[in-house]
Amino acid sequence: MVKLNVNLGKGLTLKNPVLTASGTFGFGEEYSPFIDLERLGGFIVKGTTLEAREGNPYPRMAETPSGMLNAVGLQNKGVDYFIEHIYPRIAGLDTEILVNVSGKSVEDYAETARRLSLLENIHAIELNISCPNVKQGGMAYGTTCDGASEVVSAVRQAWPRHLMVKLSPNVTSIKDIALAVEGAGADSISLINTLLGMAVDVERRRPYLSTITGGLSGPAVRPVAVRMVWQVAKAVKVPVVGLGGIVSGRDALEFIMAGASAIQVGTANFINPESTIKVLEEIEEFCERQGIKSLDEIRGII
Amino acid sequence: MAKVHQNFTITQKCELSAGYCLLHLKPASGKLPEGILPGQFVEILAPDNATMLRRPISIHFVDYNTDRISLLIRRVGNGTNAICDLPEGEALDIVLPLGNGFSEDFEAGATVILVGGGVGVAPLLYQASKLKDKGIRVKMVYGARTVDELVVAEAFKPYCELEITTDDASAGTPGRVTDSVCFREYLKEAAMVQCCGPGPMMKAVAAACKAHGVACEVSLENMMACGLGACLCCVEKTVKGNVCVCTEGPVFNIEKLTW
């Protein structure tokens, strides 16, 4: 049997490298009719903000070649709702539950993180400084080194446990942003969030999305994501978590060979609700076939 | 009732006029999930990766005696074409049952008016049969642009009094569903109107119901990705804010909508 457990540092150990991407897996419960959530390394719940957010107007989605655009805009009921209503239902699961945190100001991010720090079974948060679908905050912080450092430093003060920071690919130098968040205290770095994109309905002569532009995800973005993970993993010392269009074990292994310690399955959850388990089993099969005893043997070999 | 993901074999396929296709499907496991409600839908993976995302399709009819479901599909793009092109005997990858259903609890002898437009009649057949079983009087208005699109009118006849309307006067009452004799004469005595069709049609039906103080449910078909309440793409604005059509709907009482 291949050894799949991964230590991402600062108290975050995964039983295997398969996580889910925020915004594609609800609060886990949506997928419990289809898979055993406790087989996952962990799951990352929908982006959470200090106050409830209504998100963007419909239409929020358009299918594109091998991918989709979304413009959900961080619709969520706020961190207090999560703490009171959602957390008690999922906290007992034997898997890591990470909360994706977003905000419209540095103070918002820090306060949301502080409130979550009262929850014993949340061992890590994923800081979203990369959402392309909200006007304030989100990607505004993730596209400059100073902005990224500022928000990561503030949350670092408010959050004592594992701090994962999710990067936007919509930047000139992903390596510089990664070094900035590492310097500001990130314990791990996940990438990539969606690529800013746009599609036009030519019959109606208007964009498909209410917001005109949105975030592109799915297999279409995978080569971009693998390239960025490789660049970042070469540059930083903290563990890197790779995501972007993973639908199979082979896809996941691309990221691992490019240097990722763990991976997230995102859009594939919409295609096949058992995608996460499929990815996990295909990683295991590959390792058995190739006689790999630990993912350390192949991690970052490129 | 539990959602399941499994293969369904196409036991019979009928190509109808105007690009409509009727599929009869049997689950590979032999057993349908219990308690499928009229108004619920399935998510079908298009064969050969014709599209990346699944296609949400209303459940047209459920027969627990033979463990079969029927789907009425209109060919509108790559996904629906790939699904409808599959020959009998082949299997489709399906997640079901999804969403909520139409109200079914009415006093015996009450009148319920069903209104379907185009492929929007799909979820109303199973509802008509359920209501009839419960002793409800069902009146159905089946609207279409033209006679070619009235592909499943005969199927409704055992369960209801059927009135047809066509925009081009090629069959039935000329005009829109709201021009029907049923709407003009019987709307006020209906316990509820249940409607599925194009957005403008549903809005016109909802407005007529509001004007006469008649309860009304509509089935929405907002574009969706997951069908499970995870992606938050298919939202409809309601009096309680944005909610997912795939989990809180597709059937909504119009009082909950901001129409």
Side-chain angles (χ1 to χ4, degrees), chain A residues 20-35 43 45-47 52-77 133 201 208-210 214-215 217-220 245 247 266-275 277, chain B residues 1-7 33 42-56 76-80 82 93-99 199 220-249 257-259:
Chain A
T20 64
S22 173
T24 67
F25 207 66
F27 295 106
E29 301 166 310
E30 291 83 349
Y31 287 84
S32 61
F34 307 103
I35 62 166
F43 60 88
V45 305
K46 175 72 189 157
R53 291 183 70 120
E54 268 296 290
N56 291 319
Y58 179 86
R60 294 176 170 184
M61 188 272 286
E63 189 166 342
T64 56
S66 298
M68 64 179 280
L69 289 165
N70 90 79
V72 172
L74 295 174
Q75 179 180 326
N76 79 101
K77 292 183 174 172
N133 292 326
D201 180 344
Y208 280 105
L209 301 177
S210 68
S217 65
V247 298
T267 303
N269 291 306
F270 304 154
I271 305 166
N272 175 358
E274 295 102 21
S275 285
I277 301 301
Chain B
M1 94 237 59
K3 294 166 187 170
V4 299
H5 176 202
Q6 60 173 301
N7 281 340
V42 303
E43 280 260 46
I44 309 180
L45 196 64
D48 302 326
N49 298 315
T51 56
M52 183 186 77
L53 297 171
R54 287 171 183 270
R55 289 297 178 261
V76 292
N78 294 343
T80 47
D93 174 325
I94 295 181
V95 179
L96 87 167
L98 303 173
L220 306 183
E221 55 166 12
N222 293 10
M223 286 217 300
M224 58 182 66
C226 70
L228 304 172
C231 71
L232 309 186
C233 288
C234 64
V235 293
E236 177 71 19
K237 198 172 180 190
T238 69
V239 292
K240 287 184 179 170
N242 287 326
V243 302
C244 285
V245 166
C246 68
T247 50
E248 309 269 322
L257 301 176
T258 55
W259 290 7

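Below, chain A is the first sequence line, B the second, and so on; all start at residue 1.
Proximity to chain B is limited to the side chain of A:T267, based on heavy atoms less than 4.5 angstrom apart. For a residue to count as touching a neighbouring chain, one of its non-hydrogen atoms must lie under 4.5 Å from one of that chain's; by this rule A:F34 touches chain B with the side chain only. When heavy atoms are compared at a cutoff of 4.5 Å, B:A225 approaches chain A by way of both its backbone and its side chain. Proximity to chain A (any heavy atom under 4.5 Å) is restricted, for B:V95, to the side chain, taken from C-beta onward. Of the two parts of B:K237, neither the backbone nor the side chain holds a non-hydrogen atom closer than 4.5 Å to a non-hydrogen atom of chain A. When heavy atoms are compared at a cutoff of 4.5 Å, A:Y31 approaches chain B solely by way of its side chain, counted from C-beta outward.
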Exercise. May I have the step-by-step check of side chain to side chain contact (heavy atoms under 4.5 Å, CB included) for A:V247 and B:M52, ending in yes or no?
Key: CA-CA 11 Å; A:V247 298; B:M52 183 186 77; over 6 Å; no

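The structure places SG of B:C226 at 9.0 Å from CG of A:N269, a figure rounded to the nearest 0.5 Å. Between the SG atom of B:C231 and the CE atom of A:M68 there is a distance of 5.5 Å, given to the nearest 0.5 Å. The CG atom of B:L232 sits 11.5 Å away from the CG atom of A:N56 when rounded to the nearest 0.5 Å. Here the OH-CE distance, from A:Y58 to B:M224, works out to 8.0 Å after rounding to the nearest 0.5 Å. Note: A:F25 CZ to B:L228 CG = 10.0 Å, rounded to the nearest 0.5 Å.
Among A:P33, A:G55, A:P273, the residue making the largest number of heavy-atom pairs under 4.5 Å with chain B is A:P273. Chain A forms more heavy-atom pairs under 4.5 Å with one residue of B:T247, B:D93, B:L45, B:T51 than with any other, namely B:T51. Counting heavy-atom pairs closer than 4.5 Å to chain B, the top residue among A:G67, A:P57, A:A62 is A:G67.
Between B:A230 and A:G26, the shortest heavy-atom distance links the atoms CB-N, 3.7 Å. A pairwise comparison of heavy atoms in A:E274 and B:H5 identifies OE1-ND1, 2.6 Å as the closest pair. Of all heavy-atom pairs between A:I271 and B:R54, the closest is O-NE, 2.6 Å.
Within a 6.0 Å radius of CG in B:N49, no more than 12 heavy atoms belonging to other residues, nucleotides or ligands are found. The neighbour count for A:K77 NZ, taken as heavy atoms of other residues, nucleotides or ligands under 6.0 Å away, does not exceed 12.
The pair A:E63-B:R55 meets the salt-bridge criterion, since a charged nitrogen lies less than 4.0 angstrom from a carboxylate oxygen.
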